[in-house]
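Just so you know, these numbers come straight off a predicted model, no measurement behind them. All chains are named by letter (A, B, ...) in the order of the sequence lines, taking the proteins before the strands, and each is independently numbered beginning at 1.
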Amino acid sequence: MIQRPRGTADRLPDVAPAWQLVTETFQRQCELRGFAPISTPTIERTELFTRTTGDATDLVQKEMYSFEDRGGDSLTLRSEGTAPVVRAYVQNGLHNLPQPVKLYYVTSIFRYDRPQAGRYREHHQIGAEALGDPSPAVDAEIIDLLQATYKALGIDDLRLELNSLGDPDTRAAYRQALVDYFTPLTDRLDAESRERLKTNPLRVLDSKNPAVAELCDDAPRSLDYLGESARAHFEQLQNLLQALKIPYRINHRLVRGLDYYNRTVFEFVPPDAGSQSTVGGGGRYDYLAELMGADHVPGVGFGSGIERVLLNVERRGMTPSRPQQTDVYIAPLADGALESAMQLAQRLRFAGVTVESGFRAASPRSHLRRASRAQARATLLIGARELERGVVALKPMNGTAQIEVALADVVAGVQKVLAVST
RNA sequence: GUGGGCGUAGCUCAAUCGGUUAGAGCGUCUGGUUGUGGCCCAGAAGGCUGGGGGUUCAAGUCCCCUCGCUCACCCCA
């Protein structure tokens, strides 16, 4: 049997209510803040990701689903949510709208990686981006949007971690400071960290190796290397978060895995953090547009994994389910009743009644069992006796006596029964 | 890419030291009433024991390979 690709999942009907809860809650919070929906293609030109995400990142080095199309172009399945939205903003001239342009999306993300708890090759993210405004107030609103979404979902115990990476002009100095600090300690770094020290020194701070982590505690901090304007930006953001009563913790080792971030970076992590546990994160990326050859466009945004959000919804003991919604089950008892059954279903649905119709003539027992299992509130039985006289048997499923209704009066009869039987 | 654990029916699991026809519960379908649901009862369908090779008189069980799932590392959401 052909099986689904590794790291992908079939989403069966029983989990649909939980998914809907997450996406609808997010949409609601977005609309409350004037964010509008956007969707971008599943495939993009490979350069969009390689040039913005960064060559030294794991995402680019080993996790992209890239392929050559028939015309010889290299395309890549969306590996990240932000760059495509920025691309769409630039390509469609959205800078002509009032700024900032506030956008949100619900989409799938593809990364070639070994699956494990909370990690998949295809996963789904809710995300938002605010483009065209450098103000820290926009950072605050972005964080507020994500925090409010979690809260509305009953998740109120995530820890918000915050840091500022500064701007490109001060990044070089900070980078050099890290190199200067770690180079004498090279023999105490693991192989991975040594490699990073050469390619992307900031990421040494990311290491979870306890020995390396210990060294990181005394490493130079990015906050000490911020320029005047970046420092003010970070302070202002913190003032706003405090005004909004959104608690946070500054994490000097938070650098995020993608190269395009500057200034604000943040992550939401659960209290009993395992390693695959970041539920959502994001930051500012004022220089991202230029990396793809466009004019300067400041921006800030986040992505949050729906699968991981759901892990936390479940962890909080909430498992949304949808009640069965069938109002009426139609039971054809004789072969000749099938047409009438489907016609009735059509009429009832036109009147807004939820109907399931049996697809073949069978015994009342068999049909009623099905009706029960569908949790129908009423069943219409159509057999030879009814056909002969132009009526149907209308049986409420709550034990009330069954009645006979003329075909012409079925819709009214059903509505009457549904109104009283709850 | 590296390492650990696990693969028996749709699901959750049995199967003695390697022993004869691989079982149960749930679920599904049918019947118990030739036109009346849920509960109950009966029956049926459903298995290449993940796949391949090996050891043995005999393999679900032991060995090797492989595939899949899973957990962890790396990294991310």
Side-chain angles (χ1 to χ4, degrees), chain A residues 1-9 12 14 22 53 56-64 78-82 107-127 146 158 190-193 195-196 200 203 206-210 212 254-258 267-270 274-282 302-312 329 331-334 337 358 360-387 392-402 404:
Chain A
M1 229 291 287
I2 299 171
Q3 302 195 330
R4 88 176 85 86
R6 175 171 231 184
T8 62
L12 301 180
D14 59 322
V22 173
T53 303
T57 60
D58 283 9
L59 202 164
V60 165
Q61 282 188 345
K62 53 181 197 186
E63 294 175 6
M64 290 196 306
R78 176 175 36 239
S79 57
E80 188 270 316
T82 300
T107 193
S108 45
I109 302 282
F110 301 85
R111 288 179 200 167
Y112 188 90
D113 205 346
R114 283 280 290 266
Q116 67 184 76
R119 192 177 71 196
Y120 310 92
R121 288 187 174 177
E122 179 185 15
H123 78 274
H124 301 78
Q125 288 188 11
I126 52 178
L146 185 54
L158 299 182
D190 53 29
E192 186 72 33
S193 297
E195 184 58 32
R196 287 181 188 169
N200 193 347
R203 300 256 325 285
D206 243 352
S207 178
K208 288 172 192 82
N209 181 323
V212 177
L254 179 62
V255 298
R256 310 272 305 151
L258 314 182
E267 276 184 12
F268 282 90
V269 296
S275 49
Q276 305 302 310
S277 51
T278 297
V279 183
F302 65 78
S304 182
I306 296 180
E307 288 86 350
R308 289 190 186 175
V309 170
L310 283 173
L311 283 179
N312 282 275
Y329 181 91
L333 304 182
R360 61 179 52 82
S363 68
R365 172 200 193 79
S366 170
H367 275 307
L368 283 164
R369 275 186 176 164
R370 287 177 166 281
S372 279
R373 265 166 251 200
Q375 293 177 48
R377 296 162 63 199
T379 300
L380 288 176
L381 298 129
I382 314 172
R385 297 200 309 236
E386 287 77 15
L387 281 177
V392 299
L394 170 52
K395 179 186 173 71
M397 298 302 279
N398 62 359
T400 314
Q402 168 174 330
E404 215 164 62

Inset, instruction - Please tell me which of the listed nucleotides, B/rC69, B/rC76, B/rG68, lies nearest to the side chain of A/Arg6? - result: B/rC69
Legend entry - Along RNA chain B (nearest heavy atom to each residue), the more 5'-positioned of A/Lys395 and A/Leu258: A/Lys395
Legend entry - Nucleotide pairing, RNA chain B (Watson-Crick or G-U, distances under 3.5 Å), in dot-bracket with [ ] and |: (((((((..((((.....[...)))).(((((.......))))).....(((((..]....))))))))))))....
Inset, instruction - Look at all strands and tell whether A/Glu386 reaches a base, only sugar-phosphate, or nothing, counting heavy atoms closer than 4.0 Å. - result: base
Legend entry - Short side-chain N/O contact to B/rU36 OP1/OP2 from A/Gln402, under 4.0 Å: no
Legend entry - P spacing across the pair B/rG47 / B/rA9, given as an integer number of angstrom: 10 Å
Legend entry - Flag side-chain contact, heavy atom, 4.5 Å: A/Glu63 against A/Thr53: no
Legend entry - Distance-only donor-acceptor test, A/Ser372 side-chain atoms vs B/rG38 base atoms, 3.5 Å: no
Legend entry - For atom CG of A/Leu394 and atom C1' of B/rG37, their distance in whole Å: 15 Å
Inset, instruction - Quick one: label A/Ala331 by what it contacts on the DNA or RNA (base, sugar-phosphate, nothing), any heavy atom closer than 4.0 Å. - result: nothing
Inset, instruction - Spell out yes or no: do the side chain of A/Arg119 and the base of B/rC71 have one donor N/O and one acceptor N/O closer than 3.5 Å? - result: no
Legend entry - Inter-nucleotide P distance (B/rU16, B/rA22), Å rounded: 14 Å
Inset, instruction - Hey, which sits more toward the 5' end of RNA chain B by its nearest nucleotide, A/Gly305 or A/Gln3? - result: A/Gln3
Legend entry - Atom-pair distance (CZ on A/Arg111; C1' on B/rG1), nearest Å: 18 Å
Legend entry - Separation between the P atoms of B/rA14 and B/rG25, rounded to whole Å: 16 Å
Inset, instruction - Considering only atom C1', compute the distance from B/rG37 to B/rU30 and round it to an integer number of Å. - result: 16 Å
Legend entry - Euclidean distance, atom CD of residue A/Glu63 to atom P of B/rC76 [Å, nearest integer]: 8 Å
Legend entry - Value in whole Å for how far the C1' atom of B/rC76 lies from CD of A/Gln125: 9 Å
Inset, instruction - Could you check how far CG of A/Leu254 sits from C1' of B/rC76, rounded to whole Å? - result: 13 Å
Inset, instruction - Compare the minimum distances between each of B/rU36, B/rA77, B/rC74 and the side chain of A/Pro364, then state the nucleotide with the smallest one. - result: B/rU36
Legend entry - d(CZ, A/Arg203; C1', B/rC74) in whole Å: 10 Å
Legend entry - A/Glu80 and A/Arg111 ion-paired at < 4.0 Å: no
Legend entry - Contact check, side chains of A/Lys395 and A/Leu381, non-hydrogen atoms, under 4.5 Å: yes
Inset, instruction - Report which part of the nucleic acid A/Gly399 touches: base, sugar-phosphate, or nothing (heavy-atom distance under 4.0 Å, all strands). - result: base
Inset, instruction - Find the distance A/Asp58:CG to B/rC74:P and express it as a whole number of Å. - result: 11 Å
Legend entry - Pi stacking test for A/His367 and B/rG37: under 5.5 Å apart, planes under 30°: no
Legend entry - Whole-Å C1' distance, B/rU12 and B/rG27: 11 Å
Legend entry - A/Gln402 side chain near A/Thr379 side chain, heavy-atom distance below 4.5 Å: no
Legend entry - Interatomic distance, A/Asp113 CG vs B/rC73 C1' [rounded to whole Å]: 11 Å
Legend entry - P spacing across the pair B/rG3 / B/rU66, given as an integer number of angstrom: 12 Å
Inset, instruction - Can you check each nucleotide of nucleotides 25-31 of chain B against protein heavy atoms at under 4.0 Å and return B for base, S for sugar-phosphate only, - for none, in 5' to 3' order? - result: ---SSSB
Inset, instruction - Look at all strands and tell whether A/Arg114 reaches a base, only sugar-phosphate, or nothing, counting heavy atoms closer than 4.0 Å. - result: base
Legend entry - Phosphate OP1/OP2 of B/rA72 contacted by A/Gln116 side-chain N/O (<4.0 Å): yes
